[in-house]
Number of protein chains: 4
Amino acid sequence: MPKIVDREKKRVEIAQKAIEVLAKRGFQATTIQDIADAASLGKGTIYHYFKTKEEILWAVSEQMFRETERSLGAALLKINEPMDKLVALIEEALHITEELEHIFIIYSELWLMTVRGEQTGDFVNVLRRLQNDMTNLVASMIREGKKQGLWPGDTDADALAGYLASSFDGVFAHYMIDKENFDIKRVTNEFIKFLIKQSAPKND
Amino acid sequence: MPKIVDREKKRVEIAQKAIEVLAKRGFQATTIQDIADAASLGKGTIYHYFKTKEEILWAVSEQMFRETERSLGAALLKINEPMDKLVALIEEALHITEELEHIFIIYSELWLMTVRGEQTGDFVNVLRRLQNDMTNLVASMIREGKKQGLWPGDTDADALAGYLASSFDGVFAHYMIDKENFDIKRVTNEFIKFLIKQSAPKND
Amino acid sequence: MPKIVDREKKRVEIAQKAIEVLAKRGFQATTIQDIADAASLGKGTIYHYFKTKEEILWAVSEQMFRETERSLGAALLKINEPMDKLVALIEEALHITEELEHIFIIYSELWLMTVRGEQTGDFVNVLRRLQNDMTNLVASMIREGKKQGLWPGDTDADALAGYLASSFDGVFAHYMIDKENFDIKRVTNEFIKFLIKQSAPKND
Amino acid sequence: MPKIVDREKKRVEIAQKAIEVLAKRGFQATTIQDIADAASLGKGTIYHYFKTKEEILWAVSEQMFRETERSLGAALLKINEPMDKLVALIEEALHITEELEHIFIIYSELWLMTVRGEQTGDFVNVLRRLQNDMTNLVASMIREGKKQGLWPGDTDADALAGYLASSFDGVFAHYMIDKENFDIKRVTNEFIKFLIKQSAPKND
DNA sequence: TATGAATGAGCTTTCATTCAT
DNA sequence: AATGAATGAAAGCTCATTCAT
């Protein structure tokens, strides 16, 4: 039993160290040696914890997923007003950190592997869960907003949430290609303004 | 005299054939042999037209860029009303075809290579031009809409356009991961409804 | 008949042009395209005159041989005194020209191919003929010198000639490796002084 | 723990094995597979010890240089008389062994690569050091001989040594092309006789 | 006759994976 | 458990040679 815990703990440790190199070089270009170096282990040792290189990516993706969920949840716990929550969520989702950039790059690579259907594991589930989590979060806010009369009653909450949640990734991607010119703050704020006008309109 | 070949034309042909395999397997995983097979040519023949594997990707990206620009332009020529134009643009941008899926996948890989800084060519320019083209198109529609009073005067056209143009990619990406459940039509329509409400609200 | 002459003439032309590139890059590293370019011909055309790449080298070596023989002969025709002849020969053999450097490099490559036994043709004969020609020339001078009493009677003319003829190549090779420091004139002159002392000593 | 391997020792071992194949086929024509076979290793293993194929040649040349220096030095340690030393040196330099033939062939290829300027390393230094070592050795003997009155006082020791040292290579090369007819012993002896007459002449 | 487009064998090099220690 | 030496499959790329025009 303690053995197994140790094993799992070490897998997590290795995966953690792997994230950085993977984001920097990509999965294909990252060698087992790179990962071993990052984890300060011998190349052979990695194979005591992972059967193949791809298995490392599975572990990495799982871990990233858990961390992303946790940080999303944490950001929203403390807020009550649905509208404020939505704004907070957007701001959180589009708040750039170097760590997040790494993770976003790896997600993108998982996305690519998935749409190409080349993976043996099921990254697709990680990505869909993530997508659904985010969409449901947004949808629940919109629904709550509708209930409180802050949002038009005929809004298709799921569809709009689908659009919003998706758009975050697009904004992030555009920002990363053109950091100097793409002012993510300004873009986000303008969009929030747009949302809010929409949400609390016509008390006519 | 050997067969006279228009080298540039042949390059385009090869690049065209390459798009499909590249989208399917990705640049790194696609071998020259794959591309040669797709073009029904010998491996060596490819090297008559491209000095390196990466040069193929350059040609492919240039070609994709030109085609994307052309199809965008064509879609918008026939419409006059700015609001209708915007709707048409969104519908065009999010109109799925197998061809477009291929292209989107390759763009995504170019994106990845760029953010990792691993490429020697300047894919970044292809991507930025594309991004800017789209953004400027949207912004010009919004500005025109503002002039005609169809859109609130305090809108930051560039910022909002930045958001919209970016969001297309996110929506596309989410759709491709979950084609069965992500109803792109419904999502798009809901968003358009949202946009339009926003645009012509207030002479109440 | 005229056809054949033309063919042979063109072979010679091509071989002539080939010499320069071959000396510059070596046989292995020189591509047929290089040779075609040097001859201002299409790559395919070369194959109308030579069946294989190695056949070009055969032609080149034959031609170099003929030219070398001719220039050696010419240099010696006009001199009568055997001692002067020998000195003249040494000076001629060690007289550096860029053309000669090229030729020497190709001979060296032929030598290498021969000692490795990798060639299908018989470069060995070209090299031996050359070696023998030179040796016999020197030997005949020594013998003549012996007859005229200018040289000790117990000299083994062939053996000494073998040494002298061989030494030219070594001197040339050393010079080419260290052109700045290896003063070929000074070295040659010192050796000639040494030879002459030897040849006309004993007024006993 | 894996087998502990002295990397430097293994490099030397591989280089040692490589010498034979390199001499047989030449650097360009020798494949990594050839070298791996000669060393009874897998192709990939070679790359644990050498980053590139050329690096193998560097190691080989360094090693050859060291061995050559050592064997030259050893041959001369035990002799005191300068004249005897010179004779011993000549005999050593022109003493044929199969090992030495291999080494001479590789030196010749290094020479070719150098005069063509195609190498990235500095083989030229290996060759020049060798050349200089040999020349200085000979020159010091001549100088000593001059001091002891065994050699004419007006001899330019360096120049003559340059000639002698160079000639060894030429003799070797001629021998290797025509082993049956070129009697290296006879040629050498004749030349030594010639040298000695010169050195201790005038007791008249 | 002259050409260069087409080809694939064969090269160097990389790297996931295995395994003896 | 930990290691890195060993391996060979597989990749990109070159080039002598062929051949249709």
Side-chain angles (χ1 to χ4, degrees), chain A residues 3 6-7 10 27-37 39-56, chain B residues 1-7 10 14 27-36 39-56, chain C residues 3 6-7 10 27-37 39-56, chain D residues 1-7 10 14 27-36 39-56:
Chain A
K3 283 291 169 188
D6 281 1
R7 235 184 118 72
K10 193 109 184 191
F27 179 64
Q28 302 232 39
T30 298
T31 66
I32 294 287
Q33 187 67 65
D34 289 334
I35 293 171
D37 290 348
S40 301
L41 287 171
K43 192 164 33 132
T45 311
I46 301 293
Y47 281 87
H48 280 282
Y49 297 96
F50 300 95
K51 262 205 294 297
T52 65
K53 192 185 168 190
E54 187 154 15
E55 209 179 282
I56 301 174
Chain B
M1 291 277 182
K3 208 181 341 175
I4 292 296
V5 170
D6 180 338
R7 288 180 74 83
K10 190 112 186 192
I14 294 173
F27 179 65
Q28 305 226 42
T30 299
T31 66
I32 295 289
Q33 188 66 65
D34 290 333
I35 292 171
S40 301
L41 287 171
K43 185 159 45 100
T45 310
I46 301 296
Y47 284 90
H48 273 280
Y49 298 96
F50 300 95
K51 262 205 294 295
T52 64
K53 191 185 170 192
E54 188 156 13
E55 209 179 281
I56 301 175
Chain C
K3 283 291 170 189
D6 281 3
R7 232 184 121 73
K10 193 108 183 191
F27 180 64
Q28 302 231 37
T30 299
T31 66
I32 294 286
Q33 186 67 64
D34 290 333
I35 294 170
D37 290 348
S40 303
L41 287 173
K43 192 163 32 129
T45 310
I46 301 294
Y47 280 87
H48 280 280
Y49 297 95
F50 301 95
K51 261 205 297 295
T52 64
K53 191 186 169 190
E54 187 154 16
E55 211 180 279
I56 300 174
Chain D
M1 291 281 184
K3 209 179 345 174
I4 292 297
V5 170
D6 181 335
R7 286 179 75 84
K10 190 113 186 192
I14 294 173
F27 180 64
Q28 304 226 43
T30 299
T31 66
I32 294 289
Q33 187 66 64
D34 291 334
I35 294 170
S40 302
L41 286 172
K43 187 159 42 103
T45 310
I46 302 297
Y47 282 90
H48 273 280
Y49 298 96
F50 300 95
K51 264 205 292 293
T52 63
K53 191 185 169 190
E54 188 154 14
E55 208 179 283
I56 300 175

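Each chain gets a letter, A, B and so on, in the order the sequences are listed, and its residues count up from 1.
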Looking at F:dG4, I'd like to know if its phosphate oxygens (OP1 or OP2) sit under 4.0 Å from a side-chain N or O belonging to D:R7.
no

Any A:K10 side-chain N or O less than 4.0 Å from OP1/OP2 of F:dA2: yes

How long is the line joining [atom1] of [X] and [atom2] of [N], in whole Å?
X: A:K53; N: E:dT18; atom1: NZ; atom2: C1'; value: 17 Å
X: A:D37; N: F:dT3; atom1: CG; atom2: P; value: 12 Å
X: B:I32; N: F:dA10; atom1: CD1; atom2: P; value: 17 Å
X: B:I56; N: F:dC13; atom1: CD1; atom2: C1'; value: 11 Å
X: A:Q28; N: F:dA11; atom1: CD; atom2: P; value: 11 Å
X: B:Y49; N: E:dA6; atom1: OH; atom2: C1'; value: 8 Å
X: C:I46; N: E:dA2; atom1: CD1; atom2: P; value: 10 Å

Between B:G44 and C:T45, whichever has its closest DNA chain E nucleotide further toward 5' is C:T45

Of A:Q33 and D:T30, the one whose closest nucleotide on DNA chain E sits nearer the 5' end is D:T30

Problem - Touch class at under 4.0 angstrom, heavy-atom based, for C:S40 against every strand present - result: nothing

Review point. Heavy atoms under 4.0 Å, any strand shown: does A:F50 hit a base, just sugar-phosphate, or nothing?
Key: nothing

In Watson-Crick or G-U wobble terms, with both distances under 3.5 Å, the base opposite E:dA20 is F:dT3

- Message: So for B:H48 and E:dA6, does any side-chain atom that can act as donor or acceptor lie under 3.5 Å from a complementary atom in the base?
- Response: yes

Ignoring hydrogens and angles, are the base of F:dT17 and the side chain of C:K43 linked by a donor-acceptor pair under 3.5 Å?
yes

C:Y47 has its side chain closest, among F:dA16, E:dC15, E:dT13, to F:dA16

Note: B:Q28 and A:A29 closest approach over all heavy atoms is NE2-CB, 4.3 Å

_Main-chain N/O of A:T31 paired with A:D34 side-chain donor or acceptor, under 3.5 Å_ = yes

